Amino acid sequence: PRKIIIDTDPGQDDAVAILMALASPEDVNVLGITCVAGNVPLPLTSKNSLIICELAGATDIPVYAGCDRPMGRELVTAEHVHGETGLNGPVLPDPKMALKSGHAVDYLIETLRDEPAGTVILCALGPLTNIATALQKAPDIADRVQQIVLMGGAYFEVGNITPTAEFNIYVDPQAADIVFKSGIDIVVMPLDVTHKALVTSPRNTAFRVLNTPVGRAVADMTDFFERFDKTKYGSDGAPLHDPCVIAYLIDPELFSGRHINVEIETTSELTMGMTVADWWGVTQRPANALFIGDLDADGFFTLLTERLARL
Ligand code: BDR
Ligand code: CA
């Protein structure tokens with residue numbers, strides 16, 4: 001199994017991604033979870049991460065709280081999508097597990113220095129603040145990261161928080177800019193692909209009929225989360241953005257994309273946080289990311305449901 005650290009801001013779709021990873025020990029070994037402010041403020045994303053670990057019975061996973069605000073801007077949150085707690089939908093008990101002491105950024109640095117170089121993959125499911133702060137504080141870790149697989153950005157599908165920006169990148173464009181310029185091998189799951197991973201009603205039923213606490217919680221989470229996309233956009237169900245990152249690590253054959261240049265807009269108020277993705281190769285700028293454009297949605301949901309059934 002590949003060693004991963006999940007950097008996250010749960011968020012129902014983050015929660016499903018964490019569950020999928022914890023259910024897949026033969027593919028991914030979750031070394032730890034680092035929490036960041038994003039969908040909701042840091043105390044809630046940290047608490048939600050603990051709730052999800054307990055739901056999965058994974059009480060030995062170290063969970064760290066990280067940055068409580070973006071590098072150079074005020075925090076923007078998304079309660080309008082995820083609810084006041086960030087995990088609205090299921091009724092889940094308060095966690096008994098505690099956060100590890102210490103800061104997520106220090107945990108990232110120490111782990112990347114302790115593990116053999118090139119053996120740890122960072123799965124980034126929220127704003128990139130923790131990862132960029134770690135790179136700024138300890139530039140030597142850039143060479144030690146095997147890969148960053150992140151959910152963020154958009155090209156054809158453009159924005160979900162502004163007309164041109166995707167939420168994770170918009171919240172901390174400065175951090176995203178640092179990550180995209182780091183030289184690290186990057187795989188991007190933009191809205192173009194995550195908006196094809198829709199929890200239609202038969203897919204939601206498939207979670208519910210697992211008839212386990214995890215199956216019911218995931219069905220309740222995706223029911224809540226979908227009300228936003230269904231009522232606002234008439235979509236067929238909730239887009240499962242963040243689980244695409246974990247599915248890619250388990251079965252990359254489900255996805256296709258292009259190696260392209262991606263730059264981040266960090267100055268214009270109008271297009272702040274836009275991922276300027278050279279999909280058609282119209283510049284001479286070198287490729288710095290594998291930008292995913294398509295997925296086998298049925299294959300993705302079959303894999304996800306099969307994995308959740310194990311918990
Ligand atoms: C991303 O933003 C958050 O709302 C989701 O958890 C996902 O990571 C989608 O734009
Ligand atoms: Ca997220």
Side-chain angles (χ1 to χ4, degrees), residues 4-21 33-42 44-49 51-52 66-67 70 75-89 104 122-131 148-173 175-176 179 187-199 218 221-222 224-229 232-233 235 237-248 264 272-275 277 291-292 295:
I4 67 170
I5 297 173
I6 302 178
D7 188 70
T8 182
D9 65 334
Q12 293 88 351
D13 61 321
D14 300 73
V16 178
I18 293 168
L19 292 168
M20 188 182 199
I33 295 178
T34 52
C35 308
V36 67
N39 286 321
V40 284
L42 183 69
L44 286 171
T45 61
S46 307
K47 178 180 173 194
N48 292 344
S49 297
I51 290 175
I52 295 305
C67 300
L75 178 65
V76 175
T77 53
E79 286 86 356
H80 61 294
V81 180
H82 300 275
E84 283 306 312
T85 71
L87 216 50
N88 283 40
L122 304 180
C123 297
L125 312 180
L128 289 158
T129 320
N130 285 341
I131 294 174
I148 298 177
V149 186
L150 67 92
M151 191 283 137
Y155 178 46
F156 293 105
E157 279 277 314
V158 291
N160 64 351
I161 183 78
T162 74
T164 57
E166 179 282 328
F167 180 79
N168 288 340
I169 306 293
Y170 178 75
V171 172
D172 199 341
V179 168
V187 180
V188 184
M189 293 291 160
L191 294 177
D192 304 272
V193 61
T194 67
H195 278 179
K196 293 175 183 159
L198 298 180
V199 188
V218 169
M221 281 190 249
T222 50
F224 180 87
F225 187 44
E226 79 164 17
R227 91 218 181 288
F228 178 75
D229 282 79
K232 194 149 185 215
Y233 306 118
S235 128
L240 274 189
H241 308 284
D242 296 337
C244 290
V245 167
I246 305 301
Y248 177 81
I264 309 297
M272 182 66 81
M274 183 175 184
T275 41
F291 204 76
I292 302 296
L295 95 161

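Every value quoted in this text rests on a predicted model; they were computed, and no experiment measured them. Every number for a ligand or one of its atoms is a count from 1 in the order of the listing.
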For a side chain to side chain contact (heavy atoms under 4.5 Å, CB included) with P10, tell me which candidate from V16, I51, N48 qualifies. N48
D192 side-chain N/O to Y155 backbone N/O, donor-acceptor pair under 3.5 Å: yes
Among T129, T45, N39, T77, find the one that has a side chain to side chain donor-acceptor pair (under 3.5 Å) with D9. N39
Ignoring waters, protein N/O/S atoms under 3.0 Å from the Ca ion (ligand 2) are D9 OD1, D14 OD1, D14 OD2, L125 O, D242 OD2
So if I apply the side chain to side chain contact (heavy atoms under 4.5 Å, CB included) rule between F167 and each of T162, V81, I161, which one comes out positive? I161
To which protein heavy atom is atom 6 (O) of ligand 1 closest, and what is the distance rounded to 0.1 Å? D13 OD1, 2.7 Å
Examine A78 against ligand 1 and note whether any of their N/O atoms are separated by less than 3.5 Å. no
Mind listing the side-chain donor-acceptor pairs of residues 238-247 below 3.5 Å, one per line with the distance, residues two or more places apart or on another chain?
{"unit_1": "H241", "atom_1": "ND1", "unit_2": "T194", "atom_2": "OG1", "d": "2.7"}
{"unit_1": "D242", "atom_1": "OD2", "unit_2": "D14", "atom_2": "N", "d": "3.4"}

N130 side-chain N/O to G66 backbone N/O, donor-acceptor pair under 3.5 Å: no
Checking side-chain contact (heavy atoms from CB on, under 4.5 Å) for the pair I148/V187: CA distance, chi angles, key distance, verdict? CA-CA 6 Å; I148 298 177; V187 180; over 6 Å; no
Evaluate the side-chain proximity of Q12 to T222: yes if any heavy-atom separation is below 4.5 Å, no if none is. no
Heavy-atom distances under 4.0 Å are what count here, so tell me which part of N160 touches ligand 1: side chain, backbone, both or neither. side chain
Side chains of T85 and N88: any donor to acceptor distance under 3.5 Å? yes
L125: numbered ligand 1 atoms lying under 4.0 Å from its heavy atoms: 8 (O)
Within the side chain of N168, is there an N or O that forms a donor-acceptor pair under 3.5 Å with the backbone of G152? no
If you scan protein heavy atoms around atom 8 (O) of ligand 1, the nearest is D242 OD1, 2.7 Å
Tell me whether ligand 1 is touched by H82 - counting only heavy atoms on the residue side and a distance under 4.0 Å. yes
For atom 10 (O) of ligand 1, grab the closest protein heavy atom and report residue, atom and distance to one decimal in Å. E166 OE2, 2.4 Å
Residue, atom name and distance, where the atom is the protein heavy atom closest to atom 3 (C) of ligand 1: N39 OD1, 3.0 Å
